[in-house]
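All chains are named by letter (A, B, ...) in the order of the sequence lines, taking the proteins before the strands, and each is independently numbered beginning at 1.
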Amino acid sequence: MLKVEKLQKSFDGFMAVADANLEVSKGEVVAVIGPNGAGKTTLFHLITGQVSPDSGHIFFKGQDIAGLAPYQICRKGICRSYQVVNIFKRMTVFENVQVALMSFLKMTLNVMTPARKLLIKETLDILESVGLAEKSNQISGSLSHGDQKVLEIAIALGNRPELLILDEPTAGMSPEETAMALGLMNRLSGKLGLTILFCEHDMELVFSIAERIMVMQLGKTLIQSTPDLVKSCRQVQEAYLGGGYLTDA
Amino acid sequence: MPDQKIDVQKIFWVMGIGLLFLLLPRFLPRFYVYLTALILLTGLLATSLNLVLGFGGMYQFHHAVFYGVGAYSLALMLTKSGLPVWTGFIAAPLISAIVGYIIGLICVRLSKLYFGMLQISLGSLVWAIVFRWYSFTGGDDGIHGIPLPKILSVSHGAYYFTLIITAISLYLMFRIVHSPFGRTFQAIRDNPERCEAIGIHVRRHQLAGEVIAGFFAGIAGTLFVTVEASVFPDLMFWTLSLEILIMCLLGGWFTFFGPMLGAAIMVILRTFVGIYTEYWTLILGIVLMLLIFFMPDGVLGMIQKAGGRGDGVKGNHRL
Amino acid sequence: MHGFISQISLPSLLQQILVGLSRTTILFIVASGLSLVLGVLRIPNLAHGSFYMIGAFLTYSVAAAVGGKAGFWVAMVAAPIGVALISLVMERGLFCHLYDREHLMLLLFTFSFTLVFGDLVKIIWGSDFRSVSIPPVFQGSLSIFGLPLPRYNLFLLVIGPLVALGLWILTQKTKIGKIARAAAVDREMVGAVGINVSLVFSAVFVIGCFLAGLGGALVAPTQNITQGMDHSIIMEAFLIVIVGGLGNIWGALLGALIFGLTDAVGILLWPQFAIVFPYAVVVTILMFRPRGLLKSTW
């Protein structure tokens, strides 16, 4: 479904992504791991168009999408959440998701229909599926950090993505919230059959959910394989501080 | 359903206020009726600015250009063309909208401060042309004694015309703010990057907003001509643009009716302070300073917050 | 508009360009101050025009009070310093509390000063025209390539490069300049290494306003000093800063040259629309390079 080939991007001479290769098949849950500064977030920015690559290809369903604008990529069926909470803080939880749905249904240039009567069921369905339904009338900026991260995912669901990209979905979450996020990801991939690509620091979570794992170091893809093979890979052991880290997980 | 009760209450309020305005000329002296018309059209102008400023988060630094273009378009059509009178009233806002489209096309490539500065430059060019083109626009003198349709020059005709057009415009803008477009626009204000990521073409929406705001500012411009029967280059000078910004700030720019309130306060203050002192701008300046320090959410914003409708988050937009 | 070009002779064009260049000097001095404040403090300071006007009125008052030949020179020094002092009070008293507000608020806040200063000037100096006479040294003209050029304009042509050089040394060679440039890029970082950013900002603000005052002082002998001169200069200065690149001193110079020269040539070509020319040129440039010609600091 998604195929990244020899992707490169440098900022002012700093090679953030040097040679990234990645494959995600339909229905799969794929994790990208790697030490800080390995280029994971830049890779995601490249895939979703926030940053355009210097060279290389990104194929989505056979089409090269490298260099398209973010809104175009989103309309092709790739949606993402962010590492840092990135929501519409002055609007309610309901409105946050509703806007995404409106965008998906191309209603955003409609100036005359009252918005409060539109897409109520659809919006509540999504909120229900992530567990935010009872907070739908709260101003999103006043939610707890964990809820904001979940809302982050809910907004991405509004566009009915085929591929969902999650950039550190549990960053800054408490252990309980992390457990809930894990449950949510399981539901999304299981019940809704979503293809998920995510990066994460919490190795426990990565190894419990990912079907395949891609390891990045210094902007390069070291390996992409099943969790077991990744665990036993020597290069990966070296990349992670001489090895001890991964076996702990 | 408690919702329905609120709706009935709302309708009651709207009808009450409408009736009050309709009957105003019966018990107010002529000057106050004129002043009310001025408040209404200035409020319309401020509301149209707030559409892109408060609800779209765009740094619309030179909104007066669209107001001036609307006023001049009508004035020129009434004085220089043989076209039927009412075509001018329809064409002028459309011309403003077109100017909004052109300026928008150039400016939306940038955001925030750069957007505002570019808009000021473009607006200043329009102003400079109008200011100097004596043979066409009357230059710095402007155009005075514009012949208006008879219905507007009879007693209170201009007032009622202003009242009706302002009411319709406000209604339309209210609909727009609460439409899917309005929602999307607010989302763009809160977080343009995220909007791109959920498939919204941000610039196209900003451009659409600019055209809509230009259109309604143009309507306000035609109303100015209706009330004053004259135009002058100050209608599109940058200081006026900032005064409209102040009105939005004063009333509360995350509220729909705030700018109208701000405009009312400004026009009334100017009129009555002007009686006692010629140093009106000194007082305005001090008021503005105090406002920025102590009341950045504006009068209506404050009231809402105190009423607990702000939910603790700066700048909610329920009203 | 037929036949405008044919009336222009080469000497009159050259002379007009020289006069335009001396006006450029003043535009540059004012715009560079604005650019400095915009680049480092990120304040779009509309009150900059007011400082220019106050500088001109102060020059008039000081020159009149001191009198004689010395009056002019004393005023040239005292007026910009007076302006700088006013700006110091303003910055320490009010502005320094608002640095983290959004640009829109800062813009409106500086506008409130424009309003207040406008009326204060009216209260203090009245609404009559004032003028400062050119000191005897600079009266009359010199012949340059056979063209008569007023001596005072020559004086301006010397001052301009001096100010540019001074600013270059200040921003590139002195410690405060280096800190200011670093703070323009990353304020928190500079604060984190233990430098008092607030004081640096204060200094930059005062220097910027000093330049506005200097511009006002220099322009005083060349034109009537009136109410409203703040409103026209600030727009011109803003356009210059935008077209040159926000916060870039050389950009301000380039912008001032473009503005001053198109203005001068416009007066020859089509006097009625002279003020339109520079605006049109600036807008045309911005269509193609919306962020200005040179790299901005942020």
Part of [X] lying under 4.5 Å from any heavy atom of chain C:
X	answer
B:Trp127	side chain
B:Ile129	both
B:Phe61	side chain
B:Leu291	neither

Kindly indicate whether the side chain of [X], heavy atoms from C-beta on, has any atom under 4.5 Å from the side chain of [Y].
X	Y	result
C:Met105	B:Leu249	yes
B:Trp253	C:Leu104	yes
C:Leu38	B:Leu113	yes
B:Leu282	C:Leu115	no
B:Trp238	C:Phe111	yes
C:His97	B:Phe293	yes
C:Ile275	B:Phe131	yes
B:Pro296	C:Arg101	yes

So which of [options] has the largest heavy-atom pair count under 4.5 angstrom toward chain B?
options	result
C:Phe273, C:Phe117, C:Phe238	C:Phe273
C:Met287, C:His231, C:Lys122	C:His231
C:Leu120, C:Leu239, C:Ile123, C:Leu94	C:Ile123
C:Leu107, C:Val243, C:Val241	C:Leu107

From [X] atom [atom1] to [Y] atom [atom2], the distance as rounded to the nearest 0.5 Å:
X	Y	atom1	atom2	answer
B:Leu284	C:Thr114	CG	OG1	11.0 Å
C:Leu286	B:Arg109	CG	CZ	9.0 Å
B:Tyr114	C:Leu246	OH	CG	4.0 Å
B:Leu110	C:Arg291	CG	CZ	5.5 Å

Nearest atoms (heavy-atom pairs only) where [X] meets [Y]:
X	Y	result
C:Leu46	B:Leu242	CD1-CD1, 3.2 Å
C:Ser112	B:Gly285	CB-O, 3.4 Å
C:Pro290	B:Leu118	CB-CD2, 4.2 Å
C:Val283	B:Ser121	CG2-O, 3.7 Å
B:Ile246	C:Leu108	CG1-CD2, 3.9 Å

Indicate the ring-plane relationship of C:His103 and B:Tyr59, choosing parallel, tilted or perpendicular according to the 30° and 60° boundaries.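 Plane angle over 60°, so perpendicular.
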
OH/B:Tyr101: more than 12 non-hydrogen atoms of other groups inside 6.0 Å: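 At most 12 heavy atoms, drawn from other residues, nucleotides or ligands, come within 6.0 Å of this atom.
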
Within 6.0 angstrom of B:Trp133 CH2, more than 12 heavy atoms from elsewhere: no

Going through the distances and angles, do B:Val126 and C:Tyr279 end up as a side-chain contact (heavy atoms from CB on, under 4.5 Å)? CA-CA 9 Å; B:Val126 177; C:Tyr279 285 96; over 6 Å; no

